There are 2 protein chains.
Amino acid sequence: MMSNLEFAPPKYAQIVQAIQTRIEDGTYPVGTMLPSEARLVREFGSGRSTVVRALQILSMQGWIEREHGRGSFVKGVPAHGAERSHAGASAFDAPENAGDTTVTAAGRAAAPAVVAEALNVPENSPLIRRQRVILDEGSPSELVTLWFPLDIASGTDLGDTGVIAIGAREHLQALKQVRPARITERLSARLATVEERRLLATEEGAPVLAILATVLNAENAPIAVADIVLPGDLHELEDSYPAT
Amino acid sequence: MMSNLEFAPPKYAQIVQAIQTRIEDGTYPVGTMLPSEARLVREFGSGRSTVVRALQILSMQGWIEREHGRGSFVKGVPAHGAERSHAGASAFDAPENAGDTTVTAAGRAAAPAVVAEALNVPENSPLIRRQRVILDEGSPSELVTLWFPLDIASGTDLGDTGVIAIGAREHLQALKQVRPARITERLSARLATVEERRLLATEEGAPVLAILATVLNAENAPIAVADIVLPGDLHELEDSYPAT
DNA sequence: GACGACCACTCGTCCGATCAAGTGAGTGTC
DNA sequence: GACACTCACTTGATCGGACGAGTGGTCGTC
């Protein structure tokens, strides 16, 4: 009408936008009831179906809550996804030439029990192990051990002692048809082992955060495992998520 | 028709379900085109609006992709968000009469340094403390201490020693205008304190997972703090997320 | 062969109507 | 006061139609 080249978003989207704005700027305070569908129909001059569609979108996105027979109520600005430190993902993405990283081992090694279980192979099976220590201000602050099945690591540099300048994930993706889809982490507190105390230079009886991260492909088959050990007195993991 | 007391989900939800199942079991392989809206209308014997509504839901949830003029195409089973044990949220939601829970303390107490910092009050300020031990098969497996500012806890039963049969969050929401919006957790490994060893009946030098969870309202002001202590040899936290 | 008109098929949006069902306040009876 | 009833108001589900617009093919013309 007014213009011929103007792009107008669909009506239902305009309504969504308008209500979002009003929630954000406090016109519709949290906890209060939204105008009823009938009112909104009058205000926006559209059919009820259109208003309902907008409200359903807002409801699915978490802005409002709709209660049969009572009305629609403002829930607030949807606090989006959770923020968390993904120690596992970082272990596979971090290049070895960044910061103070020292590769302490690379090559074949027998699978310890927990790693074998995670990779679904017999204990003591030969695997490719790649271990590094990360220093923070000169002192060891993190011990990361990556474990790969032989067939996955073959044809890559993962078993060589040289420094790999990109992350293990990228390295794998570039050289093989390996596509990580999901990572699961298991986290626990325990005392450092003798070997860990040596590499991390901590005292006897020192508690550590131990994270065992398993990388899975789309078929839920394990691709690799990262064993991450953090001295308890040096690390805190943060996690933040919406309260329902 | 067939029955009078049977509960039937709405038609659009049935269609959503049916299509999800067909995607999961390979009837509609990934990448292929879904039957057109008109076909689905015939198959399910419903109006087009109903079919479209189902398809829009599937599209918003990431199962399919709709292309104007071409059709709807299968994207796959949506790799959902992260799965994680939210120890903090559970601490506030768990009722005290469930399982083997013992309330070991309830009433005023001075704020320890970390709690004071999280609640943004001076150290040693008076707070309401509520502490419980959860037994697993007879032995202590979890120590939860909830801390509330006085003004938030006033008028509630949180400072009384009686058992509260619903979660603290529900209790608060029922009695006060308190709306939790977000929870942040800080997790670390350390050795159990003397007090913790007494309540959890663990030995000296035992490592624990310590989680400090802060509940924030929509304005990011702290409402409460949960201090959760898990003996390291009894607990593992799981976390799973898309690798992207 | 290149081009364009046409057409069948697809999804995108919007409307207004109907019936159902949940909620809460008010009203009247016992 | 307790209870049942009514009624206004709310959202929930579904329908069928209408029009618009993007896609990709056929087909005829040049």
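The shown structure was predicted, so the numbers you read here are calculated from the model rather than taken from an experiment.
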>> Under 4.0 Å, heavy atoms only, any strand: does B:G69 hit a base, just the sugar-phosphate, or nothing?
In response: base
> Within the distance-only criterion (no hydrogens, no angle test), does the side chain of B:E96 pair as donor or acceptor with the backbone N or O of B:V163 below 3.5 angstrom?
Replying inline: no
> Given atom CZ of A:R53 and atom C1' of C:dG16, what is their separation to the nearest angstrom?
Replying inline: 16 Å
> How would you label the contact of B:S49 with the nucleic acid (heavy atoms, under 4.0 Å): base, sugar-phosphate, or nothing?
Replying inline: base
>> Salt bridge or not between A:E37 and A:R66? Use side-chain N to carboxylate O under 4.0 Å.
In response: yes
>> Please determine whether any donor N or O and acceptor N or O are separated by less than 3.5 Å between the side chain of B:R48 and the base of C:dG12.
In response: yes
>> Given D:dC15, C:dC11, D:dT11, identify the nucleotide with an atom nearest to the side chain of B:T50.
In response: D:dC15
>> C:dC11, OP1 or OP2 - any side-chain N/O from B:S72 closer than 4.0 Å?
In response: yes
> Can you tell me how far P of D:dT11 sits from CG of A:L58, to the nearest Å?
Replying inline: 13 Å
> Do B:T102 side-chain atoms and B:T104 backbone N/O form a donor-acceptor pair below 3.5 Å?
Replying inline: no
>> Main chain of B:N97, side chain of B:T101: is a donor-acceptor contact present, judged purely on distance under 3.5 Å?
In response: no
> How many Å lie between CD on B:E37 and C1' on C:dG12, as a whole number?
Replying inline: 8 Å
>> Side-chain N or O of B:K11 versus OP1/OP2 of D:dG12: is the shortest distance under 4.0 Å?
In response: no
> Between atom CZ in A:F73 and atom C1' in D:dT11, what is the gap in whole Å?
Replying inline: 11 Å
> Does B:R70 make a side-chain N or O approach to OP1 or OP2 of D:dG24 shorter than 4.0 Å?
Replying inline: yes
> Should A:Y12 be listed as having a side-chain N or O under 4.0 Å from OP1 or OP2 of C:dT13?
Replying inline: yes
>> Rounded to whole Å, please give me the gap between CD1 in B:I64 and P in C:dG12.
In response: 9 Å
